[in-house]
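Take a look at the structure below.
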Amino acid sequence: MDKPIAIIGAMDEEVEELRESLTDRGPVCTPLPNLPLSTGNLGRQAVVVCRCGIGKVNAAMATQYIIDQYRPTAIINSGIAGGASKKMQIGDIVLGTSSMQHDFDLGEFGRPRGIIPRLPTSVFQGDPNLLEVAFHAARDMLPAGKVHQGLIVTGDQFIGSKEKKEEILEFFPDALCVEMEGAAIAQVATANEVPHLIIRAISDLADDSAPQDFEQFITKIVPVLNRILARLLIRWVNRTRSARHSANR
Ligand code: SAH
């Protein structure tokens, strides 16, 4: 079997449709408690699809498990997020050029918010090749104004008030969106030298109506995200196969 790409989503609502659309699908297995995994193909790409659960610890645990067991060539974290930057609207797509943990706070030691000491970096870079194919895949589906690339910030909190959002923007003025898993997946992928990309669709604007918006829009925007993922994988397969072909000539 070709080595898979791992697709990790936090909640069933984010991975169900993907799981259903797998061909050559193996049975759902849960090797760790509460970590359902499915293998199969999406188009011509072997994948392992995982629902990791909400938050950084669940996300990190799942990522390391998948790397150890499946040796994926790349990891994609797909899901929904709250818009942070004023540019964001519900339904927009954000591709993470980088990610950070907004709730990592050693301010008492004079360290800027999000800085994790004693690591080579606290800013985890999305893979440029994945970013490029993801951008084209998203632009196949959506107008330019709805596809953004930039910083994604992660923390173990649902951001649902103007004050909380503004506090995060004070420390991370470039943040496009907030969510709860991306930078944890990115940190583990980076430590294992596996390329990764975070792709998020905006479900709410991280303000007072965020919980209601989240519930209302999740079912509408996840299918769009999944269509972008399918296109991304087609482009990825074509790209890696043509690179292999020219290397063999
Ligand atoms: N309704 C859920 C909780 C959802 S937590 C329950 O109680 O079961 C929110 C999830 O969506 C997280 O996985 C996070 O990554 C993403 N998310 C969407 N909007 C967010 C926001 N405004 N702040 C933080 N995470 C958000």
Side-chain angles (χ1 to χ4, degrees), residues 6-19 34-36 49-63 75-96 98-105 113-114 124 126 146 148 150-172 174-189 196-226 228-229:
I7 302 175
I8 303 178
M11 298 178 290
D12 284 323
E13 299 92 304
E14 292 167 319
V15 297
E16 250 159 18
E17 191 193 37
L18 277 180
R19 208 188 273 148
N34 209 16
L35 188 74
V49 176
C50 167
R51 195 273 282 134
C52 69
I54 297 168
K56 294 193 299 182
V57 175
N58 284 324
M61 203 163 64
T63 308
I75 297 177
I76 296 174
N77 171 221
S78 159
I80 55 172
S85 144
K86 285 202 172 65
K87 295 189 280 198
M88 291 301 129
Q89 289 182 348
I90 291 173
D92 287 6
I93 295 292
V94 179
L95 310 173
S98 61
S99 63
M100 294 184 76
Q101 295 176 29
H102 70 71
D103 58 351
F104 204 101
D105 185 0
R113 182 75 66 90
F124 306 106
K146 296 193 78 60
H148 311 268
L151 174 67
I152 295 178
V153 294
T154 302
D156 282 327
Q157 299 159 1
F158 185 84
I159 306 302
S161 77
K162 205 166 162 269
E163 293 71 36
K164 275 245 159 208
K165 175 162 84 166
E166 275 166 11
E167 194 206 326
I168 289 176
L169 282 171
E170 228 174 85
F171 292 108
F172 303 92
D174 298 332
L176 296 181
C177 66
V178 287
E179 41 82 310
M180 301 179 65
E181 299 81 21
I185 292 170
Q187 182 177 341
V188 176
H196 78 274
L197 183 66
I198 309 171
I199 306 182
R200 295 276 173 165
I202 302 300
S203 56
D204 60 86
L205 298 179
D207 55 11
D208 297 338
S209 51
Q212 297 86 292
D213 289 342
F214 169 95
E215 298 286 353
Q216 185 187 343
F217 292 109
I218 183 167
T219 51
K220 297 199 178 79
I221 60 179
V222 168
V224 178
L225 201 53
N226 288 341
I228 293 172
L229 278 177

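Both counts, for ligands and for their atoms, begin at 1 and track the order of listing.
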Backbone or side-chain N or O of [X] under 3.5 Å from ligand 1 N or O:
{"X": "Glu179", "value": "no"}
{"X": "Ala206", "value": "no"}
{"X": "Arg200", "value": "yes"}

Shortest protein heavy-atom distance from [atom], along with the residue and atom involved:
{"atom": "atom 25 (N) of ligand 1", "answer": "Met180 CG, 3.3 Å"}
{"atom": "atom 20 (C) of ligand 1", "answer": "Phe158 CE1, 3.3 Å"}
{"atom": "atom 3 (C) of ligand 1", "answer": "Ile54 CD1, 3.9 Å"}
{"atom": "atom 17 (N) of ligand 1", "answer": "Ile80 O, 3.8 Å"}
{"atom": "atom 4 (C) of ligand 1", "answer": "Phe214 CZ, 3.5 Å"}

Report yes or no: does [X] contribute a side-chain atom to a donor-acceptor pair with the main-chain N or O of [Y] at less than 3.5 Å?
{"X": "Glu16", "Y": "Glu13", "answer": "no"}
{"X": "Thr154", "Y": "Ala183", "answer": "yes"}
{"X": "Arg113", "Y": "Ile168", "answer": "no"}
{"X": "Ser209", "Y": "Gln212", "answer": "no"}
{"X": "Glu179", "Y": "Ile80", "answer": "no"}

Can you name the atoms of ligand 1, numbered from 1 with element, that are less than 4.0 Å from a heavy atom of [X]?
{"X": "Ile159", "answer": "21 (C), 22 (N), 23 (N), 24 (C)"}
{"X": "Ser203", "answer": "18 (C), 19 (N)"}
{"X": "Ala10", "answer": "13 (O)"}
{"X": "Met11", "answer": "10 (C), 11 (O)"}

Nearest heavy-atom neighbours spanning [X] and [Y]:
{"X": "Asn77", "Y": "Glu181", "result": "OD1-C, 4.4 Å"}
{"X": "Ala184", "Y": "Lys56", "result": "CB-O, 3.5 Å"}
{"X": "Ile218", "Y": "Met11", "result": "CD1-CE, 4.0 Å"}

Gln157 near ligand 1 by a heavy-atom separation under 4.0 Å: yes

Ala81 near ligand 1 by a heavy-atom separation under 4.0 Å: yes

4.5 Å side-chain heavy-atom contact, Leu151 and Met100: yes

Shortest heavy-atom approach to atom 12 (C) of ligand 1 - which of Glu181, His102, Glu215: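 Nearest option to atom 12 (C) of ligand 1, by heavy atoms: Glu181.
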
The one among Thr154, Asp207, Asp204 that brings a heavy atom closest to atom 22 (N) of ligand 1: Asp204

Pair Lys162 + Asp207: basic N to acidic O under 4.0 Å: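 Salt bridge between Lys162 and Asp207, a charged N being under 4.0 Å from a carboxylate O: no.
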
